[in-house]
2 protein chains.
Amino acid sequence: MSPERNQDVDPRLTIYSGLSANERARLDSLVTRRRVEAGAYLFHQHTPARSVHMLEEGMMMMERSSSTGRRQVMAFMHPGNLIGINYREHYEFTVSALRPSLVRDIPLKPFIALQDEVPQLKDNVRSISGNILAHTLDQVFALGQKKAHERVCFLLKQLSSWQPSASAHRLELAMTRQDIADYLGLTIETVSRAFGKLKREGIINIHSAHTVEILDRATMNELALAD
Amino acid sequence: MSPERNQDVDPRLTIYSGLSANERARLDSLVTRRRVEAGAYLFHQHTPARSVHMLEEGMMMMERSSSTGRRQVMAFMHPGNLIGINYREHYEFTVSALRPSLVRDIPLKPFIALQDEVPQLKDNVRSISGNILAHTLDQVFALGQKKAHERVCFLLKQLSSWQPSASAHRLELAMTRQDIADYLGLTIETVSRAFGKLKREGIINIHSAHTVEILDRATMNELALAD
DNA sequence: CGCCCTATTGAGACTTGTCAAGTCGGGTGG
DNA sequence: CCACCCGACTTGACAAGTCTCAATAGGGCG
């Protein structure tokens with residue numbers, strides 16, 4: 001995220017934020033829960049979109065792939081995130097679980113209707129849409145302007161901002177190097193070398209391929225925002 | 001734009017689409033018109049957002065710049081486009097005119113209120129928000145996966161899709177090479193070389209720096225979508 | 001223990017960025 | 001009307017960054 005915006009974004013905003021107990025109950029009455037095992041799909045690109053989804057537990061990944069087979073990972077999703085909100089007739093991306101996940105499905109039509117009756121819910125959806133766009137604009141900025149190791153810091157910063165406590169220095173990466181490469185517009189080799197560079201420079205420590213420790217958060221943030 | 005989506009996107013959708021005469025009049029009653037001369041600003045990053053804007057005539061450019069001075073152009077805007085719709089407290093980008101432009105300002109609060117009374121308007125805004133996100137995702141795809149000359153084709157394809165007739169082969173580029181470079185995440189030199197390469201290969205002809213002719217649209221489209 | 005998948009590392013090719021020089025064209029002043 | 005000037009664009013040579021291909025290392029699981 002860019003420094004210019006962080007102050008007025010609450011990434012923890014969910015559709016439930018600020019609702020009364022009664023309003024929550026009305027929203028909950030629409031919800032059905034669903035488990036998605038690691039590696040399984042929540043939905044596929046080009047299938048009809050009839051629900052929005054809220055990730056309750058676990059971690060998911062949103063990707064788009066083209067006819068020629070290459071793919072771009074658009075986002076990694078954390079508990080509380082709303083999925084498929086900028087709906088059209090069909091989903092425009094595929095969402096799959098990186099970890100065993102629990103998802104709330106909310107049928108589109110009643111969800112829209114409820115927004116008309118609960119202004120706070122409508123505001124939440126609006127804000128969340130804004131957050132999604134802002135996230136995507138950050139990604140455009142990163143892909144357009146940053147070098148490989150800066151992009152990796154950009155990702156690490158995003159992931160660590162979802163950690164329960166900001167002081168947690170240990171990060172569990174649920175995704176593969178290929179997922180990271182496809183998110184950052186790089187190859188796995190370049191991602192690997194970028195990790196190596198950050199380790200050599202004492203900014204992170206790599207315990208295993210999927211466990212990194214942030215040693216110098218200030219420098220990491222600086223690199224993440226560099227452009 | 002990706003081929004997967006083109007069928008269900010109408011880029012000409014505006015907030016007025018499908019409104020009755022009466023509804024149009026109610027919307028128009030909120031509107032004030034404003035001229036913005038070429039090079040002037042519609043609004044700046046970090047200023048309070050109190051209106052949305054619809055470009056009526058001309059061409060504008062949306063950009064974001066960072067504290068370290070580098071900038072990313074997020075979009076080039078054409079007549080009918082809605083500007084500043086994913087509002088927050090403050091604008092997150094700067095919008096300026098590339099050509100003398102005419103803009104409709106619509107105060108935010110009554111605009112939101114009117115959406116509650118005119119469902120078609122609400123649907124239009126929703127769809128337009130979706131189009132904006134889709135456009136941004138396309139840009140992520142382009143910056144993440146495409147080579148320089150493919151990115152240039154990506155831009156040419158976008159611009160030509162706004163031409164009045166699809167068969168018009170002559171394109172007027174209102175923006176500078178620097179604007180193009182900042183949009184595509186390249187340098188002006190690389191953009192210039194990419195144009196040269198496309199010309200050498202007979203895909204385009206360059207009459208002047210700001211006038212290109214599309215000679216082989218099929219190949220251009222293919223390159224634009226390549227990934 | 002060994003297999004398989006993933007990740008790392010290395011060498012060389014290709015693409016893009018950087019720096020510098022040169023060209024083009026529109027606008028101004030003589 | 002022409003010459004000059006200035007900004008924008010192009011082109012060239014080289015450096016830096018990233019990709020590709022190939023070989024090696026590591027970790028999880030049967």
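All of these numbers come straight from a predicted model, not from anything done at the bench.
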message: Is the shortest side-chain heavy-atom distance between Tyr91(B) and Gln45(B) below 4.5 Å?
response: no
- request: State plainly whether the residues Asp179(A) and Arg71(A) are in salt-bridge range, i.e. N to O under 4.0 Å.
  value: yes
- prompt: Given side chains that start at C-beta, do those of Leu82(B) and Thr14(B) come closer than 4.5 Å, heavy atoms only?
  reply: no
Integer-rounded Å distance: dA8(D) P and Ile206(B) CD1: 19 Å
field: Phe93(B) and Phe43(B) aromatic ring geometry - parallel, tilted or perpendicular at 30°/60° bounds
entry: tilted
field: Spacing of CD1 belonging to Ile128(B) relative to CG belonging to Leu133(B), to within rounding of 0.5 Å
entry: 14.0 Å
- prompt: Are Lys146(A) and Leu184(A) close enough that some pair of their side-chain heavy atoms sits under 4.5 Å apart?
  reply: no
query: Just the endpoints, please: which first and last nucleotides of DNA chain C, 5' to 3', lie under 4.0 Å from a heavy atom of chain A?
result: dA7(C) to dA11(C)
query: Starting at CD of Gln145(A) and ending at P of dT18(D), how long is that distance when rounded to a whole Å?
result: 14 Å
- prompt: For Glu56(A), which residues count as a side-chain contact (heavy atoms from CB on, under 4.5 Å) partner, sequence neighbours excluded?
  reply: Arg33(A), Leu102(A), Arg104(A)
message: For a side-chain contact (heavy atoms from CB on, under 4.5 Å) check, start with the C-alpha distance between Glu92(B) and Met74(B), then their side-chain angles and the critical distance, and finish with the verdict.
response: CA-CA 11 Å; Glu92(B) 299 185 1; Met74(B) 294 300 177; over 6 Å; no
message: For Ser160(B), run the side chain to side chain donor-acceptor pair (under 3.5 Å) check against Arg170(B), His169(B), Arg217(B) and tell me which one passes.
response: Arg217(B)
query: Do any of residues 189-196 of chain B sit with a heavy atom less than 4.0 Å from DNA chain D, and if so which?
result: Glu189(B), Ser192(B), Arg193(B)
message: Using a heavy-atom cut-off of 4.0 Å across all strands, would you classify His149(B) as base, sugar-phosphate, or nothing?
response: nothing
message: If you define the side chain from C-beta out and look only at heavy atoms, does anything of Met60(A) sit under 4.5 Å from Val36(A)?
response: yes
query: Does a side-chain heavy-atom distance below 4.5 Å link Leu171(A) with Ile204(A)?
result: no
field: Flag side-chain contact, heavy atom, 4.5 Å: Ser96(B) against Met61(B)
entry: yes
Taking only nitrogen or oxygen atoms into account, show me every contact under 3.5 Å that the protein makes with nucleotides 4-7 of chain D, one pair per line with its distance.
none

- prompt: In whole angstrom, what separates Glu150(A)'s CD from dG17(D)'s P?
  reply: 10 Å
- line: 5' to 3', nucleotides 23-29 of chain D under a 4.0 Å protein heavy-atom cut-off (B base, S sugar-phosphate only, - none) gives -------
statement: Distance col, row Glu150(A):CD vs Leu198(A):CG, nearest 0.5 angstrom, shows 10.0 Å
task: Could you check if a side-chain atom of Asn205(A) sits within less than 4.5 angstrom of a side-chain atom of His207(A), using non-hydrogen atoms only?
output: yes
message: To the closest 0.5 Å, what do you measure between CG (Leu223(A)) and NZ (Lys157(A))?
response: 12.0 Å
- request: Please work out which residues in residues 176-186 of chain B have a non-hydrogen atom less than 4.0 Å from an atom of DNA chain C and list them by number.
  value: Gly185(B), Leu186(B)
- line: Between Ala209(A) and Gly144(A), whichever has its closest DNA chain C nucleotide further toward 5' is Ala209(A)
